[in-house]
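Computed from heavy atoms alone, side chains included, the values below leave out hydrogens, waters and symmetry copies. Counting convention: from 1, in listed order, for ligands and their atoms alike.
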Amino acid sequence: MDIQQQIKTLSEELRQHNYNYYVLDNPSLTDYDFDIKLKQLQELEAKHPELVEVNSPTQRVGGEVTKNFETVVHENRMYSLDNSYSKEDLLDWETRIKKMVDGVVQYTCELKYDGASISLTYEEGTLIKAVTRGDGTQGDNVTANIKTIKSVPLLLKGKYPSKFDIRGEIVLPFEGFNKMNEERIDIGEEPYRNPRNTASGSLKLQDSAEVAKRPLECLLYNITGSNLGISTQFESLEGAREMGFKVPTAAKLVCSIDEVLEFIDYWNVHRYNLPYETDGVVIKVNNLQQQEELGYTAKAPRWAIAYKFKSEQVSTRLNDITYQVGRTGAITPVANLEPVELAGTTVKRASLHNADQIERLDIRVGDEVFVEKGGEIIPKIIAVDFTKRPAYSEPTKYIANCPECKTELVRSAGDAKHYCPNDYGCAPQITGRIQHFISRKAMDIEGLGGETVALLVNEGLISNYSDLYELNKKQLMPLERMAEKSAENLINGVEASRQIPFERVLFALGIRFVGETVAKKLAKHYKNIDALSQATIIDLVTVDEIGIRIAESLVDFFISKENVHIINRLKGFGVQLALSEDVLANQTDKLKGKTFVVSGVFETVSRDELKKLIEDNGGKVSSSISSKTSYLVAGDKMGPSKRAKAETLNVLIISEQDFLNSII
Ligand code: AMP
Ligand code: ZN
């Protein structure tokens with residue numbers, strides 16, 4: 001097969017897989033096979049830039065950095081939608097329509113997805129550009145970012161008009177959103193507030209590789225352009241689906257407002273089972289000819305209307321504002337409400353986020369406030385009912401000192417939050433750090449839970465995580481709800497945690513911004529805590545994926561005498577603060593100075609294992625063959641071009657077995 005054909009075949013396979021996985025939710029390749037194919041394609045493209053196809057699947061990984069997004073005028077304006085809130089509103093709308101058009105009117109009912117709207121332009125089946133709604137007349141060109149979203153087809157399938165725009169909504173499904181937040185909480189960052197804002201914020205990130213990491217989806221709902229060869233909205237949805245777009249299957253064609261209401265009633269209940277947020281239903285006149293007759297008002301089409309689901313809202317009294325201190329010292333103000341029923345649960349508390357939010361709402365103790373349950377789990381306070389404000393109420397003064405330890409709070413420029421800087425003398429920070437230390441992804445200490453940690457801290461038995469290793473049965477037994485068995489379990493759990501590998505210990509230490517992945521990188525690079533603690537900022541930033549923010553946080557951590565002391569104690573207790581002998585024993589300098597290219601499919605080890613073996617033995621892995629390559633490790637199904645290139649450059653070609661023998 002010639003190179004051009006190879007590129008074509010690989011691209012086609014990858015495209016098909018993306019479609020099966022992200023549009024049909026039905027993967028056809030394992031992640032590993034996909035990665036291999038993607039890397040093969042990247043290698044081929046790197047060597048033959050002249051053969052790179054427009055919209056190659058390799059563009060999905062991103063990497064393009066946009067400093068300023070270009071402003072683009074929409075060829076077809078992106079309108080807003082009129083809203084309706086009741087059956088009467090819908091009947092009024094129907095009456096207006098029937099006055100303006102003749103004949104039977106059918107409607108397409110769709111869900112109203114809550115994300116960021118986007119307009120995609122395709123020419124001859126290829127994605128040309130993606131533009132945000134902006135003010136409806138012009139928006140930002142965010143093509144590089146949109147290309148990383150796997151459910152956006154870069155090339156279309158089947159039959160398609162030669163040029164058209166398609167509109168849709170970029171959403172962040174709950175599952176991906178929650179996962180992103182878990183990772184943020186792990187490293188001591190504030191979680192994102194809601195999927196919608198996170199989705200629209202993602203579109204404007206400068207580094208498209210960052211966007212590629214976010215589990216965004218694109219749901220399509222409208223095709224515009226001329227000579228499209230379609231006559232109804234419902235048909236256009238089906239057509240879009242056939243071209244390879246992700247068009248939710250909830251859309252329904254109906255013949256009357258009563259049926260519209262049935263659709264609304266159904267989804268008003270079932271929307272909570274959807275993987276992403278919806279805030280209503282959009283009803284569109286189905287016939288495009290009738291749509292044209294109806295036309296537009298200054299702001300919205302007359303042929304469509306949005307029905308907003310009622311976000312359940314109640315009013316209740318704000319009894320008190322209290323302040324919570326997190327593991328990193330961040331202060332969160334909490335509204336304590338007169339308990340009230342809302343969407344089937346009793347609400348007593350709501351987050352107020354930070355000082356700015358309190359000021360924005362001008363919320364005061366004693367106020368009657370409106371509480372709403374949106375897509376988020378925690379209810380939010382929408383506004384104050386100023387008509388009910390008691391006379392002589394005083395504006396809320398944000399606290400200046402930590403509610404727990406009385407230390408003066410700090411708030412640095414650019415931070416929305418206030419922090420308590422008393423890391424080691426502030427009870428919730430002490431407890432929070434130990435709770436993080438014992439958590440599942442960290443030291444995973446069996447027999448010890450978050451509440452017991454709090455109890456142990458309160459009883460004065462521990463004040464940092466190294467104290468856990470000195471607990472004994474005699475101290476534990478008198479504690480509430482602690483039987484002999486549970487005390488033993490706890491001690492055994494602590495004992496067992498000494499075997500937890502260095503990288504997880506590093507994560508468990510709770511250094512700000514050091515999440516699981518960063519901890520792995522650091523452990524691999526520095527091999528032990530001593531080397532890491534000596535590293536300067538300049539050293540640290542040379543490590544792959546370690547940025548200045550992480551580097552500063554690490555240096556700060558190791559400057560602290562308390563931290564150094566605690567780490568020394570952990571060392572004394574036998575906690576793994578270095579890569580284990582096993583791991584180190586497998587590391588040699590045998591391949592020092594040698595560069596390897598790995599290609600094809602292997603039998604005894606996976607491609608990643610092979611690469612790891614090379615690195616563990618001091619060699620370097622490179623993705624493409626050059627005169628600097630020492631060896632090409634050739635697996636099964638390696639492309640002939642690679643072999644040819646290695647031969648011309650006099651690069652030695654070795655088999656998997658040759659390689660494995662070489663490192664014994
Ligand atoms: P609004 O922002 O309230 O004016 O509502 C209009 C927006 O609803 C549009 O800009 C779209 O981004 C969004 N929308 C979400 N789902 C749909 C849908 N199925 N059809 C049309 N617009 C939708
Ligand atoms: Zn404090």
Quiz item: Of all the atoms in ligand 1, which lie at a distance below 4.0 Å from a heavy atom belonging to Ser117?
Solution: 10 (O), 12 (O)
Quiz item: Of the options Arg271, Arg196, Lys308, which is the one that meets Asp114 in a salt bridge (charged side-chain N to carboxylate O under 4.0 Å, His left out)?
Solution: Arg196
Quiz item: Any Lys/Arg nitrogen of Lys284 or Glu110 sitting under 4.0 Å from an Asp/Glu carboxylate oxygen of the other?
Solution: yes
Exercise. Write out the residue and atom name of the closest protein heavy atom to atom 3 (O) of ligand 1, then the distance separating them to 0.1 Å.
Key: Lys112 NZ, 3.5 Å
Quiz item: Near Lys284, which atoms of ligand 1 are under 4.0 Å from a heavy atom of that residue?
Solution: 18 (C), 20 (N), 21 (C)
Quiz prompt | Heavy atom of Asn222, distance to ligand 1 below 4.0 Å | solution = no
Quiz item: For atom 13 (C) of ligand 1, what's the nearest protein heavy atom and its distance?
Solution: Glu169 OE1, 3.4 Å
Quiz item: Between Val282 and ligand 1, which residue portion shows a heavy-atom distance shorter than 4.0 Å: side chain, backbone, both, or neither?
Solution: side chain
Quiz item: Ring centroid separation for Tyr107 and Trp93, is it under 6.0 angstrom?
Solution: yes
Quiz prompt | Taking atom 16 (N) of ligand 1 as the reference point, the nearest protein heavy atom with its distance | solution = Tyr113 N, 3.1 Å
Self-check item: Pair Phe507 + His436: ring centers closer than 6.0 Å
Solution: yes
Self-check item: Set of residues satisfying side chain to side chain contact (heavy atoms under 4.5 Å, CB included) with respect to Tyr192, sequence neighbours excluded
Solution: Phe177, Met180, Asn181, Arg184, Thr198, Arg214
Quiz item: Between Arg133 and ligand 1, does any nitrogen or oxygen pair lie at a separation below 3.5 Å?
Solution: yes
Quiz prompt | Geometry at the Zn ion (ligand 2) - Cys420 SG versus Cys405 SG angle, rounded to 10 degrees | solution = 100°
Self-check item: Ligand-side contact atoms (ligand 1) for residue partner Leu111, heavy atom cut-off under 4.0 Å
Solution: 16 (N), 18 (C), 19 (N)
Practice problem: Write out the residue and atom name of the closest protein heavy atom to atom 4 (O) of ligand 1, then the distance separating them to 0.1 Å. | Solution: Ser80 OG, 2.5 Å
Quiz item: Hey, is Tyr221 touching ligand 1 through its side chain, its backbone, both or neither, going by heavy atoms under 4.0 Å?
Solution: side chain
Practice problem: Would you please test Tyr221 and Phe245 for ring-ring contact (aromatic ring centres under 6.0 Å, His included) and show each step? | Solution: CA-CA 10 Å; Tyr221 53 73; Phe245 292 102; over 10 Å; no
Quiz item: Do the rings of Tyr296 and Trp303 sit parallel, tilted or perpendicular, given the 30° and 60° boundaries?
Solution: perpendicular
Self-check item: Carboxylate-amine/guanidinium proximity below 4.0 Å for Glu75 and Lys163
Solution: yes
